[in-house]
Engineer: 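First, the structure itself, so that you have it in front of you.
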Amino acid sequence: MSKVVFRIPTPALLAAGLATICATPFAWAAPGLQAIYLLPAAFAVWVVRNRTTVDGERIVARSTFGKRVVPWSGVTALKVVERGWLSVVLADGSLVRLPAVRAGHVPALALVSGGRLPTPTPAPDPDEAPSTPEPTTTTPAGTTAAGTAATAPASTAGDAASGGSAETPVTPDRGATPPSVQSGE
């Protein structure tokens with residue numbers, strides 16, 4: 001994967017169309033109220049324009065009225081906000097918001113970054129005992145049976161879906177010093 005584009009899903013444009021249809025009786029009630037059509041049009045422009053393009057060399061964050069190009073060499077950390085778009089922290093400490101990029105997209109960012117961003121790995125659940133095979137036992141017939149108890153680790157995605165807080169720590173890959181991942185409020 002050499003390039004990934006994160007954008008707001010295009011079905012959001014249906015909301016702009018529905019708002020236009022619903023505003024029609026109000027817009028034609030008096031002269032000058034047709035300006036209400038600017039709101040759904042502005043929303044449609046926002047949906048189409050906001051996106052983040054990531055490749056192996058740079059990150060391009062495009063907002064409604066501007067564009068910011070950040071080379072991977074200028075990124076020192078990735079700020080993860082639980083309910084919002086991610087941001088990258090630059091060497092000077094400033095933040096660049098990445099439109100349409102959410103916490104669930106961190107693995108794709110890590111893959112495209114070419115090792116500059118560490119691949120996240122789920123943390124082991126401290127409440128769960130490690131899985132170990134059961135000892136070999138002798139059955140009444142005199143044969144031996146080795147039972148294994150394989151327990152699957154708890155899914156952190158299920159915890160997040162149920163409303164719990166699931167933090168995904170990031171472990172660095174071997175090689176160059178990658179940017180760190182910060183969790184923000």
Engineer: Assess whether side-chain contact (heavy atoms from CB on, under 4.5 Å) is satisfied between Val75 and Val96, documenting all intermediate values.
Structural biologist: CA-CA 10 Å; Val75 175; Val96 175; over 6 Å; no
Engineer: Can Val88 be reached from Val4 by stepping across I, L, V, M, F, W or Y side chains whose heavy atoms are under 4.5 Å apart?
Structural biologist: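 In one cluster with Val4: Val88, yes.
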Engineer: Rounded to the nearest 0.5 Å, how far does NZ of Lys67 lie from CZ of Arg51?
Structural biologist: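 Separation between the atoms: 10.0 Å.
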Engineer: Locate the shortest heavy-atom distance separating Arg97 from Ser87; write the atom from each residue and the value.
Structural biologist: CA-OG, 3.6 Å
Engineer: Write down the atom of Asp55, the atom of Trp72, and the distance for their closest heavy-atom approach.
Structural biologist: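 Reported closest heavy-atom pair: O-NE1, 2.8 Å.
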Engineer: About how many Å separate CG of Leu13 and CG of Leu18, when rounded to the nearest 0.5 Å?
Structural biologist: 12.5 Å
Engineer: Give the C-alpha distance, both sets of side-chain angles, the deciding distance and a yes or no for side-chain contact (heavy atoms from CB on, under 4.5 Å) between Phe43 and Val47.
Structural biologist: CA-CA 6 Å; Phe43 178 73; Val47 167; 3.7 Å; yes
Engineer: Can you get from Val106 to Val70 by hopping between Ile, Leu, Val, Met, Phe, Trp and Tyr side chains that sit under 4.5 Å apart?
Structural biologist: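 The answer is yes; both residues are in one hydrophobic cluster.
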Engineer: Got a second to check how far Arg68's CZ is from Arg58's CZ, nearest 0.5 Å?
Structural biologist: 14.0 Å
Engineer: Examine distances only and state if a side-chain atom of Thr76 and a backbone atom of Val89 form a donor-acceptor pair shorter than 3.5 Å.
Structural biologist: yes
Engineer: To the nearest 0.5 Å, what is the distance between CD1 on Ile59 and CG on Leu117?
Structural biologist: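 It is 8.0 Å, given to the nearest 0.5 Å.
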Engineer: Checking the side chain of Arg49 only, and the main-chain atoms of Thr64 only, is there a donor and an acceptor separated by less than 3.5 Å?
Structural biologist: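 The answer is yes, because a donor-acceptor pair under 3.5 Å joins these two groups.
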Engineer: Of the non-hydrogen atoms in Gly84 and Arg102, which two are nearest, and what is the gap between them?
Structural biologist: N-NH1, 3.5 Å
Engineer: Between the main-chain N or O of Gly56 and the side-chain N or O of Arg116, is there a donor-acceptor pair closer than 3.5 Å?
Structural biologist: yes
Engineer: Considering all heavy atoms of both residues, which atom of Gln34 and which atom of Ala27 are nearest to each other, and what is their separation?
Structural biologist: NE2-O, 3.2 Å
Engineer: Any side-chain heavy atom of Ser63 within less than 4.5 Å of one from Asn50?
Structural biologist: yes
Engineer: At what distance, to the nearest 0.5 angstrom, does OG1 of Thr53 lie from CG of Leu98?
Structural biologist: 10.5 Å
Engineer: Heavy-atom count check: over 12 atoms from other residues, nucleotides or ligands less than 6.0 Å from Tyr37 OH?
Structural biologist: yes
Engineer: Is it true that a side-chain atom of Thr52 and a backbone atom of Ala61 form a donor plus acceptor pair closer than 3.5 Å?
Structural biologist: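 Absent.
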Engineer: When clusters are formed by joining ILVMFWY residues with side-chain heavy atoms under 4.5 Å apart, either directly or through shared neighbours, do Val5 and Val112 land in the same one?
Structural biologist: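 Each belongs to a different hydrophobic cluster.
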Engineer: Starting from the C-alpha separation in whole Å, work towards a yes-or-no answer on side-chain contact (heavy atoms from CB on, under 4.5 Å) for Leu86 and Leu109.
Structural biologist: CA-CA 11 Å; Leu86 299 182; Leu109 280 173; 4.0 Å; yes
Engineer: Over all heavy atoms of both residues, which pair between Val69 and Pro71 is shortest? Give the atoms and the distance, please.
Structural biologist: O-CD, 4.0 Å
Engineer: Is there a path of hydrophobic side-chain contacts, each under 4.5 Å between heavy atoms, that joins Val101 and Val48?
Structural biologist: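 Result: no, two separate clusters.
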Engineer: What are the two closest non-hydrogen atoms of Val80 and Ala103, and how far apart are they?
Structural biologist: CG1-CB, 3.9 Å
